[in-house]
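First the structure, in the form of structure tokens, and then the observations on it.
Proteins come first, then strands; the chains are lettered A, B, ... in the order of their sequence lines, and each starts at number 1. What you see is a predicted model, and the numbers here were worked out from it, not measured in a lab.
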There are 2 protein chains.
Amino acid sequence: MSIRSDYPEPLWIQAVNLINSEIASGVLKPGMRLPPERELCQQLNISRVTLRKALTKLVEDGVLSASHGRGWYVATGAANKEWPNSLESFSETAERMGLTASSEVLRSEVAPASLDEAEELSIAPGTPLFHLERVRLLNNVPIAIDLTRIPAELVPGFTEVNFATDSLYEKLAEAGLELLRADSTIEAREADEYVAKHLVLEVGKPVLVMKQLVVDNTDKPLFTSTIQYSGDRYRLRTFFSRSNALSRTRRGH
Amino acid sequence: MSIRSDYPEPLWIQAVNLINSEIASGVLKPGMRLPPERELCQQLNISRVTLRKALTKLVEDGVLSASHGRGWYVATGAANKEWPNSLESFSETAERMGLTASSEVLRSEVAPASLDEAEELSIAPGTPLFHLERVRLLNNVPIAIDLTRIPAELVPGFTEVNFATDSLYEKLAEAGLELLRADSTIEAREADEYVAKHLVLEVGKPVLVMKQLVVDNTDKPLFTSTIQYSGDRYRLRTFFSRSNALSRTRRGH
DNA sequence: AAGTGGTCTAGACCACCCC
DNA sequence: GGGTGGTCTAGACCACTTA
């Protein structure tokens, strides 16, 4: 094994991919110890700093874990194949699960921002806002209602797009927007008549309401989404990290 | 300004703290550009690699952002004071919000692990498991029911602790357990009779169900929690990151 | 004492932005 | 072309674990 082909990919990303694929292919199994850093450096023909950048990334992804005087270990358990906190579009989630995503567009138009909408997006009230409201379906079963609001100037021509078939995230990427992070709040509420009708539920049944503010890499708000999932048809996954408790390893392995 | 006192703290952490404090004190204001890396290196008397490790950390924390040919900028907006995905105990959350947390203990005993419980924790069925079930209250209002299961060998003597007043997280820390991450699933469900009674709700009202598997820094499962929040009395916060979309900066600043 | 991860350095070259 | 961030290197020393 060896990297450094003539990819434009940074070396440390190639190293990440290589280690990931060795785990996927079973060469490295959960719980196994990796070769020492200095040895891996030689095998991959990269410097130790670069290797460590790759290893650090893999720890963030929950793929590896380190123990000071002991070595690097492949993470064990179910968390292994799970996605970390990635911001995934509905279409991407569907693809990953092997299902077909589709949409029914309820609303796709530009209207002035209300006071609340303006405040969330840090823009002036009345600013033209593109409203996109869709019922999201998996294999034709209604899963959620998604209402997204984007400053119209960021997405010219979006009222002409047919979002029943096109992916919003793809169109955003084409428009040059770079999503970085979605700050989200999650709560459980009762389905009102409107939601119940579109999700084919009884009024009062639980729905999972997720409100997101998506920002770009300069922390500028790009858009807000309110997604209401049918309680018995969807489940969110995330993880919480314990902020640095100065981990001083005691047992394990 | 200069660091490198005789702290045992790593230099890059000292750099993080210093920059953080300069922002807090208003020397660096949101939107401002930082001095070039090479200049900062001289001022702080550290190498560029070390400085960049600090800057990278500050980006993760949402404090700074970088633009390739332009420089480093202090992040703008409200997201600045928000906490990231920290794994916080109920008591800590309460304290942060200025409320008083308390508990009513429904169950505190050791019992053998069922098949399901054993699988979640990667232990043998029948292994003694400490079960702690509590109603969690804020200012004496019932907010949630929390059922936590911990292998009994990890927490000797816990059946003697009075968890109506003592914090579970504090006791876990005293027992030498180091929580690293909680993998969580979240869904909306209807309150059953048991939950409804203890949370003073009507049966069928929405509850937010969060199931967590908490692991230590070697990815060993420590315990599982199932927390059922009254839908109208609690709201979760988290964020999702867009995994590397090869950010190619276009606009901004 | 040997093995292994954690931190740190000085210097190099490339890619991008702006004049 | 000059300024700035992004990647990469080779080598050093320290801290923790294990024996």
Grab the N/O contacts between the protein and nucleotides 4-7 of chain D below 3.5 Å, and write none if there aren't any.
{"from": "D/dT4", "atom 1": "OP1", "to": "B/Arg33", "atom 2": "NH2", "distance (Å)": "3.4"}
{"from": "D/dG5", "atom 1": "OP2", "to": "B/Glu37", "atom 2": "N", "distance (Å)": "2.9"}
{"from": "D/dG5", "atom 1": "O4'", "to": "B/His68", "atom 2": "O", "distance (Å)": "2.5"}
{"from": "D/dG5", "atom 1": "N7", "to": "B/Arg38", "atom 2": "NH1", "distance (Å)": "3.1"}
{"from": "D/dG5", "atom 1": "O6", "to": "B/Arg38", "atom 2": "NH2", "distance (Å)": "3.2"}
{"from": "D/dG5", "atom 1": "N2", "to": "B/His68", "atom 2": "NE2", "distance (Å)": "3.3"}
{"from": "D/dG5", "atom 1": "N3", "to": "B/His68", "atom 2": "NE2", "distance (Å)": "3.2"}
{"from": "D/dG6", "atom 1": "OP2", "to": "B/Arg52", "atom 2": "NH1", "distance (Å)": "2.8"}
{"from": "D/dG6", "atom 1": "OP2", "to": "B/Arg52", "atom 2": "NH2", "distance (Å)": "3.1"}
{"from": "D/dG6", "atom 1": "N7", "to": "B/Arg48", "atom 2": "NH2", "distance (Å)": "2.8"}
{"from": "D/dG6", "atom 1": "O6", "to": "B/Arg48", "atom 2": "NH1", "distance (Å)": "3.3"}
{"from": "D/dT7", "atom 1": "OP2", "to": "A/Lys53", "atom 2": "NZ", "distance (Å)": "3.2"}

side-chain contact (heavy atoms from CB on, under 4.5 Å) against A/Val110, all qualifying residues, sequence neighbours excluded: A/Pro128, A/Phe130, A/Ala152, A/Thr159
B/Asn20: what forms a side-chain contact (heavy atoms from CB on, under 4.5 Å) with it, not counting sequence neighbours? B/Val16, B/Leu58, B/Val63
Separation of C/dG5 C1' from A/Leu40 CG (nearest whole Å): 12 Å
I need the CD-P distance between A/Gln42 and C/dT4, as an integer number of Å. 12 Å
B/Gln212-B/Ser184 side chain donor-acceptor pair, cut-off 3.5 Å: yes
Just the rounded figure in Å: distance from P of C/dC17 to OH of B/Tyr73. 12 Å
Only counting residues at least two apart or in another chain, list the ones meeting side-chain contact (heavy atoms from CB on, under 4.5 Å) with A/Arg235. B/Thr185, B/Glu187
Side-chain N or O of B/Thr50 versus OP1/OP2 of C/dT9: is the shortest distance under 4.0 Å? yes
Contacts satisfying salt bridge (charged side-chain N to carboxylate O under 4.0 Å, His left out) that involve residues 112-132 of chain B (not counting sequence neighbours) are B/Glu117-B/Arg149
So which pairs with a foot in residues 30-49 of chain B pass salt bridge (charged side-chain N to carboxylate O under 4.0 Å, His left out), sequence neighbours left out? B/Glu37-B/Arg48, B/Glu37-B/Arg52
